[in-house]
2 protein chains.
Amino acid sequence: MSANKAAANKGPAKAIYRRVALIGIGLIGSSIARAARAARVAGHVACWSRSAATRGAARRLKICDSVHDTLAAAVKDADLVILCAPIGANADLAKAIGPALKAGATVSDVGSVKEAVLRDVGPHIPGGVHFIPGHPVAGTEHSGPEAGFAELFRQRWCILTPPKGADPAALARLADFWRALGSKVEIMDPAHHDRVLAVTSHLPHLLAYTIVGTVTDLEDHLRQEAADAGHVIGRSEVVKFSAGGFRDFTRIAASDPVMWRDVFLNNREAVLEMLGRFTEDLSALQRAIRWGEGDKLEALFRRTREIRRGVIEAGQAGTFKPTEEKKR
Amino acid sequence: MSANKAAANKGPAKAIYRRVALIGIGLIGSSIARAARAARVAGHVACWSRSAATRGAARRLKICDSVHDTLAAAVKDADLVILCAPIGANADLAKAIGPALKAGATVSDVGSVKEAVLRDVGPHIPGGVHFIPGHPVAGTEHSGPEAGFAELFRQRWCILTPPKGADPAALARLADFWRALGSKVEIMDPAHHDRVLAVTSHLPHLLAYTIVGTVTDLEDHLRQEAADAGHVIGRSEVVKFSAGGFRDFTRIAASDPVMWRDVFLNNREAVLEMLGRFTEDLSALQRAIRWGEGDKLEALFRRTREIRRGVIEAGQAGTFKPTEEKKR
């Protein structure tokens with residue numbers, strides 16, 4: 001935040017990378033483009049997108065200095081290349097850009113799973129090019145270049161997971177870049193990252209997707225029930241009364257379908273383990289409800305309240321989301 | 001909303017009830033007090049709380065015209081009595097206030113479960129007193145008289161579940177009262193209410209409580225894992241990286257423990273049924289992840305996105321929460 005302000009107040013900041021190439025220009029890619037411009041930390045921002053429609057949108061929005069139809073043209077001469085596509089696309093993208101990368105360049109990404117990125121991208125990075133995977137823990141339920149905004153990374157963590165033997169100078173430079181976009185930077189072991197994120201992000205998304213699916217299936221059933229009771233249902237009751245808790249799940253369950261498919265496929269072991277722990281606990285609660293064990297329920301509900309205080313104290317309770325605000 | 005504005009702009013509104021008594025003055029009770037005053041729809045707002053500390057807070061905050069130490073004094077001469085305590089307290093409260101109720105008065109409540117309220121409160125309501133249970137589908141994760149605010153019910157639904165044979169005039173008057181507080185009013189069969197809310201509110205809360213509990217238990221484990229990998233963990237990593245989805249669950253799981261214990265104990269059948277449907281669906285997704293069935297995952301994730309659009313179109317996507325905003 002202070003970096004952005006400094007740039008805005010004191011004229012041109014020193015570019016951290018002369019040329020940055022964004023491979024994919026959706027919510028995250030386009031937010032990096034906007035934030036890099038706002039913080040003046042890239043001399044030139046180039047981008048590529050697989051889809052002609054998205055390239056068209058990027059051109060129309062004027063969020064990059066150049067929009068390219070081919071991967072080779074996009075990464076040519078780039079000092080920093082960031083893969084901003086769904087994780088499942090990384091292997092093919094890395095294979096395609098490998099030969100076109102400049103010596104001394106850094107390749108990074110923004111994927112929510114890190115061991116898979118090391119596995120898929122690592123082998124295609126030529127000698128003399130640095131490879132430092134990254135994960136900005138930030139996002140909204142919206143997708144596409146129109147959904148991005150410069151403030152997305154402010155006060156959010158960006159986790160970098162350098163492979164063993166990564167160049168310290170290249171790592172420090174990438175960390176500086178993310179800090180300039182407003183992020184706090186954490187260095188983490190890739191396997192540990194995948195387990196922490198399985199808990200804090202992947203499992204919550206899986207539960208949200210599931211409950212929203214369950215509810216969709218239930219709708220017709222409830223509608224019929226209401227009709228039998230003589231009520232006329234004008235609009236989905238579940239949507240109507242969603243303010244009681246369900247609406248928070250619908251927000252998460254509106255996240256990008258392809259991105260999340262790839263997350264679950266690529267962090268399978270950690271997600272399944274956390275899911276196993278969760279379902280054990282859910283079964284215990286189910287039993288407490290069935291047997292009317294109010295003290296057990298209350299004890300858990302008191303314990304979980306404390307965690308929220310921690311989230312608020314850590315400054316992670318809210319996201320700066322101008323696109324959401326505008327819609328209200 | 002328009003009612004509030006009209007009241008503010010055009011001088012005194014016509015009081016819908018001469019005297020309103022709030023039994024319990026926590027988040028919901030104190031919000032009713034504030035909203036009723038803002039909309040000038042109650043000639044006098046009296047309140048009672050079980051705890052001396054809460055009565056003291058209500059006096060200090062000056063949100064009611066009178067604060068009473070006894071139930072009989074609070075409900076004396078009241079035209080509308082609203083039970084605003086956890087559901088489990090209703091039977092005792094109703095028994096205590098029954099003899100002190102004025103003929104022609106209306107008794108209502110704000111509980112999240114309606115069949116249990118009919119069962120617990122109904123038998124204690126004397127002849128000549130109207131009994132119309134209600135449920136404002138609104139709230140925050142904060143509790144107590146300090147947490148309430150006049151705008152809590154704006155644009156939110158209030159569901160009224162009159163028993164068979166309820167007086168139409170008393171029902172219409174109560175509906176007018178809630179509309180004056182900014183709510184949209186829906187009349188519903190109590191059993192149907194309990195099933196709809198089991199889906200839109202009780203199940204989401206149960207999942208949120210469970211996952212936050214699971215994660216708390218996991219923390220020590222993850223911390224040890226990180227230490228083994230040579231990292232120093234300064235603060236809970238789970239809290240730190242909660243912006244990836246977990247934080248939305250921590251908000252819900254910070255809701256009032258006693259209120260929610262009573263909800264689950266009193267809507268057991270509907271909650272267990274919805275939970276059964278949910279766990280079946282979760283098992284199917286778990287299997288899809290284990291077997292790498294990406295198409296199944298993506299198909300569900302696309303379907304759930306549509307539901308969010310419905311929530312936004314229904315105007316239920318955000319809550320007006322000045323207390324939250326102030327904290328940021």
Side-chain angles (χ1 to χ4, degrees), chain A residues 137 156-157 189 192 196 199-201 204-205 207 209-215 218 226 229 237-250 252-254 257 260-261 264-265 268 275 277-278 281-282 285-286 289 292 294 297-298 300-302 304-305 307-308 310-311 314 316 318 328, chain B residues 137 156-157 189 192 196 199-201 204-205 207 209-215 218 226 229 237-250 252-254 257 260-261 264-265 268 275 277-278 281-282 285-286 289 292 294 297-298 300-302 304-305 307-308 310-311 314 316 318 328:
Chain A
V137 186
R156 295 285 158 255
W157 288 95
D189 171 71
H192 183 66
V196 170
V199 176
T200 60
S201 178
H205 274 80
L207 298 180
Y209 279 125
T210 306
I211 190 175
V212 176
T214 304
V215 161
L218 255 171
E237 281 186 296
V238 166
V239 163
K240 206 163 162 181
F241 305 115
S242 59
F246 183 63
R247 75 159 171 231
D248 295 282
F249 289 70
T250 66
I252 304 179
W260 281 96
R261 176 200 67 193
F264 294 118
L265 294 178
R268 179 159 59 186
L275 189 51
R277 291 171 185 264
F278 171 83
D281 293 345
L282 188 63
L285 266 191
Q286 183 170 356
I289 292 173
L297 297 174
E298 192 186 336
L300 171 68
F301 300 170
R302 287 199 185 281
T304 56
R305 204 167 209 190
I307 292 275
R308 177 65 182 175
V311 170
Q316 300 297 305
R328 283 185 194 164
Chain B
V137 186
R156 295 286 158 252
W157 289 95
D189 172 71
H192 183 66
V196 170
V199 176
T200 59
S201 178
H205 274 80
L207 298 180
Y209 279 124
T210 307
I211 189 175
V212 175
T214 305
V215 161
L218 255 171
E237 280 186 296
V238 166
V239 163
K240 205 164 162 180
F241 305 117
S242 60
F246 183 63
R247 75 158 173 230
D248 295 282
F249 289 70
T250 65
I252 303 180
W260 280 98
R261 176 200 67 192
F264 293 117
L265 294 180
R268 179 159 57 184
L275 189 51
R277 291 171 185 265
F278 171 83
D281 293 346
L282 188 62
L285 266 190
Q286 184 170 355
I289 292 172
L297 297 174
E298 192 186 335
L300 171 69
F301 301 170
R302 286 197 185 283
T304 56
R305 204 166 209 191
I307 293 275
R308 177 66 181 174
V311 170
Q316 300 298 305
R328 282 183 195 163

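Computed from a predicted structure; not experimentally measured. Heavy-atom basis, side chains included; hydrogens, waters and symmetry copies ignored. Proteins get letters first, then strands, A, B, ... in listed order; numbering begins at 1 in each.
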Go through the atoms of [X] and report whether side chain, backbone, both or neither lie under 4.5 Å from a heavy atom of chain A.
{"X": "Leu275(B)", "result": "side chain"}
{"X": "Leu285(B)", "result": "side chain"}
{"X": "Tyr209(B)", "result": "both"}
{"X": "Ile211(B)", "result": "both"}

- Using non-hydrogen atoms and a 4.5 Å limit, figure out which bit of Leu282(A) sits close to chain B: side chain, backbone, both or neither. both
- Which portion of Phe249(A) sits near chain B, non-hydrogen atoms under 4.5 angstrom: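 Side chain of Phe249(A) only, per the 4.5 Å heavy-atom cut-off to chain B.
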Which pair of non-hydrogen atoms, one from [X] and one from [Y], has the smallest distance, and what is that distance?
{"X": "Gly245(A)", "Y": "Pro204(B)", "result": "C-CB, 4.0 Å"}
{"X": "Ala253(A)", "Y": "Thr304(B)", "result": "O-OG1, 2.9 Å"}
{"X": "Phe301(A)", "Y": "Arg261(B)", "result": "CE1-N, 3.7 Å"}
{"X": "Arg305(B)", "Y": "Ala254(A)", "result": "NE-O, 2.6 Å"}

- Message: List the residues meeting side-chain contact (heavy atoms from CB on, under 4.5 Å) with Thr200(B), not counting sequence neighbours, and say none if there are none.
- Response: Val238(A), Phe241(A), Phe246(A), Val196(B), Leu197(B)
- Item | Contact leader toward chain A among Leu265(B), Asp281(B), Ile289(B), Leu297(B), where contacts are heavy-atom pairs under 4.5 Å |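 So the answer, after comparing Leu265(B), Asp281(B), Ile289(B), Leu297(B), is Ile289(B).
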- For Arg268(B), check salt bridge (charged side-chain N to carboxylate O under 4.0 Å, His left out) against everything at least two apart and list the hits. none
